[in-house]
Amino acid sequence: MIKKIYKANILYTKERGRFEILENGCVAVDADGRVTDVATDLTSIDCGDAEVVDFGDRLLVPAMNDLHVHAAQYRNQGIAMDLELLPWLQNYTFPEEMKYADTGYAGRMYRRFVRDLWRVGTMRACAFATIHTESTRVLMRLFREAGMGALVGKVGMNRNCSEKLAEPVERMVQGYESLIAEFNDPHGLVRPIVTPRFIPSCTPGMLRACGELAAKYHLPVQSHLSENRDEVALVRELEPESTCYGDAYDRYGLFGQTPTVMAHCVFTESEEMALMKKRGVMVAHCPTSNLNVTTGIAPVRQFLDEGLRVGFGSDISGGHNLSIFKMMVYAIQMSKLHYQRNHARSFLTLSEVFWMATKSAGSFFGRVGSFEPGYEFDALVIDDCGLNFDDYSLPERLERFIYLGDDRHIERRFCRGREIPEP
Ligand code: GUN
Ligand code: FE
């Protein structure tokens with residue numbers, strides 16, 4: 001039964017490379033928070049006694065999905081940008097994550113993090129916490145209280161770091177089981193995701209235990225893949241039997257055996273790409289992070305042409321910007337740099353990056369990221385009147401909001417059909 005009908009200027013992407021544009025259109029949402037209809041006018045929808053909510057001249061778009069973000073690095077956002085990945089982790093990131101042994105500190109930081117995700121219009125996230133079970137629980141509860149969707153990872157790591165951030169495998173497994181016991185609804189908005197930090201941080205025993213956890217509890221998996229040259233070289237040393245970095249994860253059941261998202265893939269080449277495609281492994285493209293700590297440009301055009309699944313990650317604090325709208329801008333700009341160097345491939349377009357951020361990334365959370373019937377209604381109402389001083393078309397208005405706008409233009413936010421107030 002339809003519960004609400006929202007009227008506005010609706011823009012979304014059913015397929016890569018093409019906007020669906022409904023000027024003064026409407027979208028009907030049922031009591032479960034799912035879209036039942038999307039139409040150019042009310043007369044074509046069987047309204048019954050549904051409430052009609054009219055957003056006037058505002059834009060209505062799918063909410064953002066962040067496929068890779070470190071909640072526990074929020075304090076470090078926008079600082080410590082003078083090193084590449086491996087020394088950056090040791091000098092800045094690990095010392096910050098150690099502080100999360102204190103759940104009071106964690107609560108203070110995580111509260112701000114969840115509020116700011118809400119601000120920038122991200123209603124679903126794949127988030128890394130730290131090794132600390134109780135702090136991770138704090139983050140999961142904050143997401144649940146907010147009503148936002150999140151796959152939250154207690155981080156698995158036990159080598160190449162200080163003892164304070166190395167957790168024995170047994171304890172890691174017990175920690176996961178205690179989180180799974182609390183967040184055990186497979187349809188819940190907040191769930192655990194198995195999170196080995198990356199191969200250099202995990203012994204074979206840790207990786208094996210992570211793969212077993214994912215299989216036993218049907219949990220998704222997230223990690224980092226082929227982000228930085230020194231990291232890729234280190235993995236080759238640590239896992240000499242593996243044919244590529246992705247193959248190393250695969251050997252432990254961490255590469256698509258359950259739904260898997262891998263951040264970065266900057267140095268992913270043909271063999272790794274083929275394995276990702278075969279296994280349905282999703283790429284979280286993190287353009288600002290790649291600029292800050294990686295020094296490389298991911299071959300996103302090639303991923304798309306090869307049929308890989310790709311979405312965006314803000315990757316705070318390797319990345320410095322939390323907004324997925326801004327990831328779209330950076331991705332287009334970086335693809336143009338890549339294009340100029342390589343000549344062969346065309347750069348990304350606005351409708352492509354919008355699709356990546358919404359329908360493509362949303363697929364990791366279920367039927368999320370589009371306004372097609374059956375999709376969960378995750379949406380943002382954008383009041384962009386302050387950006388418009390002439391007669392702009394709807395696609396132009398959306399493009400201007402993406403390039404020039406910010407959270408002040410996002411007026412209302414919905415996740416799974418529910419309006420989400422400020423957490
Ligand atoms: N690789 C392993 N850990 C991290 C992290 O915290 N950030 C980034 N960008 N890459 C990583
Ligand atoms: Fe990361």
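For reference, positions follow the sequence shown, starting with 1. Start at 1 and go down the list; that is how both ligands and their atoms are numbered. In this text, all values refer to a predicted model and were calculated from it rather than measured experimentally.
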In terms of atom number and element, which parts of ligand 1 are under 4.0 angstrom from non-hydrogen atoms of [X]?
{"X": "Leu89", "value": "2 (C), 3 (N), 4 (C), 5 (C), 6 (O)"}
{"X": "Trp88", "value": "5 (C), 7 (N), 8 (C)"}
{"X": "Asp315", "value": "8 (C), 9 (N)"}
{"X": "Phe198", "value": "1 (N), 2 (C)"}

>> Quick check: of its N, O or S atoms, which one does Asp315 have closest to the Fe ion (ligand 2)?
In response: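 Result for Asp315 and the Fe ion (ligand 2): OD1.
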> If you measure from each non-hydrogen atom of Leu85 to ligand 1, which part falls under 4.0 Å: side chain, backbone, both or neither?
Replying inline: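 The answer is the side chain.
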>> Tell me the contacting part of Phe94 for ligand 1: side chain, backbone, both, or neither, using a 4.0 Å heavy-atom threshold, strictly below.
In response: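 None of Phe94 does.
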>> Using a distance threshold of 2.8 Å, state whether an N, O or S atom of His68 lies below it from the Fe ion (ligand 2).
In response: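 Short answer: yes, at least one N, O or S atom is under the cut-off.
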>> I'd like to know if the Fe ion (ligand 2) has an N/O/S atom from His224 within less than 2.8 Å of it, counting both backbone and side-chain atoms.
In response: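 Yes, within the cut-off.
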>> Cys265 and side-chain contact (heavy atoms from CB on, under 4.5 Å): which single residue from Val281, Leu225, Val300 fits?
In response: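 Single pass found, and it is Leu225.
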>> Starting from atom 3 (N) of ligand 1, what is the nearest protein heavy atom, named by residue and atom, and what distance separates them?
In response: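 Checked against all protein heavy atoms, atom 3 (N) of ligand 1 sits closest to Arg197 NE, 2.8 Å.
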> Hey, what do you get for NZ (Lys99) to OH (Tyr105), rounding to the nearest 0.5 Å?
Replying inline: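 Answer rounded to 0.5 Å: 3.5 Å.
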> To the nearest 0.5 Å, how far apart are OG1 in Thr195 and CE in Met172?
Replying inline: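 Going from the OG1 atom of Thr195 to the CE atom of Met172 covers 10.0 Å.
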>> Under the ring-ring contact (aromatic ring centres under 6.0 Å, His included) test against Tyr110, which residue among Tyr100, Phe128, Phe143 passes?
In response: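 Answer after filtering Tyr100, Phe128, Phe143: Tyr100.
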Which heavy atom in [X] sits nearest to a heavy atom in [Y], and how many Å separate them?
{"X": "Pro196", "Y": "Leu207", "answer": "CB-CD2, 4.1 Å"}
{"X": "Ser317", "Y": "Gln73", "answer": "N-OE1, 2.9 Å"}
{"X": "Leu142", "Y": "Gly107", "answer": "CD1-O, 4.3 Å"}

> Is there at least one pair of N or O atoms, one from Gln73 and one from ligand 1, spaced under 3.5 Å apart?
Replying inline: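 The answer is yes, given that Gln73 and ligand 1 share an N or O pair closer than 3.5 Å.
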> Does Glu227, backbone or side chain, put an N or O under 3.5 Å from an N or O of ligand 1?
Replying inline: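 Among all N and O atoms of Glu227, at least one is under 3.5 Å from an N or O of ligand 1.
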>> Given Ser226, which partner from the list Glu272, Glu231, Glu269 fulfils the side-chain hydrogen bond (donor to acceptor under 3.5 Å, both in side chains) test?
In response: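 For Ser226, the side-chain hydrogen bond (donor to acceptor under 3.5 Å, both in side chains) check succeeds only for Glu272.
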>> Tell me which one of Tyr249, Tyr252, Tyr245 satisfies side-chain hydrogen bond (donor to acceptor under 3.5 Å, both in side chains) with Glu239.
In response: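 The side-chain hydrogen bond (donor to acceptor under 3.5 Å, both in side chains) with Glu239 is passed solely by Tyr252 among Tyr249, Tyr252, Tyr245.
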> Strictly under 4.0 Å, does any heavy atom of Phe128 approach an atom of ligand 1?
Replying inline: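 In this structure, Phe128 fails to qualify as a contact of ligand 1 - no heavy atom is under 4.0 Å.
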> Of all the heavy atoms in His264, does at least one lie under 4.0 Å from an atom in ligand 1?
Replying inline: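 Distance cut 4.0 Å: His264 passes for ligand 1.
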